[in-house]
Amino acid sequence: MKKKIIRLLIVLLCTGLLMAGTAGCAVLRAEHEFQTGVQITAENVPEGTYYADLLVKLPERDPLRVPDTGVRFSGADITENSEIFRYHKDNYVSASLHYGYAQSISVPDVPDQRRLTTVLTISGNTKNGRFSKGKDFLRIPSFRIAYVSQDGSVLGVTGPAEAVSHFTPLSPQIPFSADGTNAHYDITVGDDWNPAAEMLAAEVILLILLLLIAAPVYAVVRAIRRRREQAAVIARIQQNAAGANGEKCGQTNKDD
């Protein structure tokens with residue numbers, strides 16, 4: 001009985017390892033090169049605001065949180081002593097200055113005269129940030145918008161940006177909007193879908209279902225086998241008893 005249970009557990013363990021390996025392969029296949037733009041439009045900005053920068057929340061040890069990307073906003077006097085460069089409150093840092101995938105920050109080709117607009121271009125290969133929370137941009141835990149002066153002073157910061165999902169395709173860029181202390185960003189439903197995570201979750205559910213199915217099936221098979229074994233034992237006992245009675249009757253007849 002114990003050996004059979006151990007065998008069943010070994011089979012289920014091997015199945016689980018196979019599923020985990022499949023999910024791991026899916027993660028590796030999902031690695032890809034990318035390039036996209038993050039467009040930030042801001043209204044009701046503090047006086048003296050020169051541009052709006054994106055703040056990303058990444059732990060200090062995150063592989064994609066770098067000391068200096070080398071990216072600078074044209075016309076702004078940003079140095080290592082600037083407030084925006086040194087900003088790291090609650091693990092929020094400037095994306096243009098410290099997010100490893102940042103490539104450039106500039107004004108759009110066609111500026112909107114009614115709003116302050118900047119475009120942060122990010123690009124890279126997700127395998128380079130495999131163990132980073134910011135490997136896939138939309139997987140970054142939280143965003144804020146910082147209002148920055150020409151000399152790099154932080155004049156204000158919004159609250160965490162709220163994600164707003166849409167069912168219709170949006171522009172190739174990821175649009176962020178800020179209005180005073182409020183901010184949000186728009187995504188198409190499914191843009192933040194993680195195929196590897198979904199596959200792993202599906203495989204875990206499948207493994208649980210296998211356990212739920214295997215346990216009662218094994219119990220039924222074991223019960224049937226036990227009944228058959230009991231029936232066989234009873235049949236042997238009856239057969240042996242009948243044989244013993246026959247021998248006894250023969251011995252009695254012989255004595256007579």
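In what follows, residues are counted from 1 in the order of the sequence shown.
A centroid separation of 6.0 Å or more is found between the aromatic rings of Y185 and F137. The aromatic ring centres of Y92 and Y87 sit 6.0 Å or more apart.
Y99 OH to I122 CD1: the interatomic distance, rounded to the nearest 0.5 Å, is 5.0 Å.
Ring geometry for F73 against Y51 counts as parallel: the plane angle stays under 30°, on a 0 to 90° scale with 60° as the upper cut.
Checked for salt-bridge contact, E31 and R130 meet the test: a charged N lies under 4.0 Å from a carboxylate O. With salt bridges taken as basic N to acidic carboxylate O contacts below 4.0 Å, none links E80 and R86.
Minimum heavy-atom separation, Y101 to N125: OH-O, 2.9 Å. Pairing each heavy atom of Y147 with each of E43, the nearest pair is OH-O, 4.3 Å. Minimum interatomic distance between L64 and G134 (heavy atoms only, all atoms of both residues): CD1-O, 3.2 Å. Counting all heavy atoms, side chain and backbone alike, S82 lies closest to D77 at OG-O, 3.7 Å.
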Quick one, N81 with T79, criterion side-chain hydrogen bond (donor to acceptor under 3.5 Å, both in side chains). Give me CA distance, side-chain angles, the key distance, then yes/no.
CA-CA 5 Å; N81 294 320; T79 69; 4.6 Å; no
Yes or no on side chain to side chain contact (heavy atoms under 4.5 Å, CB included) for I145 and I40, after CA distance, side-chain angles and deciding distance?
CA-CA 8 Å; I145 304 296; I40 307 166; 3.9 Å; yes
With side-chain hydrogen bond (donor to acceptor under 3.5 Å, both in side chains) as the test, would you mind laying out the steps for T121 and Q103 before giving the verdict?
CA-CA 5 Å; T121 301; Q103 185 180 60; 5.1 Å; no
Set out, in order, the CA-CA distance, both residues' side-chain angles and the distance that settles side chain to side chain contact (heavy atoms under 4.5 Å, CB included) for I78 and L97, then state yes or no.
CA-CA 10 Å; I78 307 297; L97 298 170; 4.1 Å; yes
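In the model, S94 has a side-chain atom that pairs as donor or acceptor with a side-chain atom of S96 under 3.5 Å.
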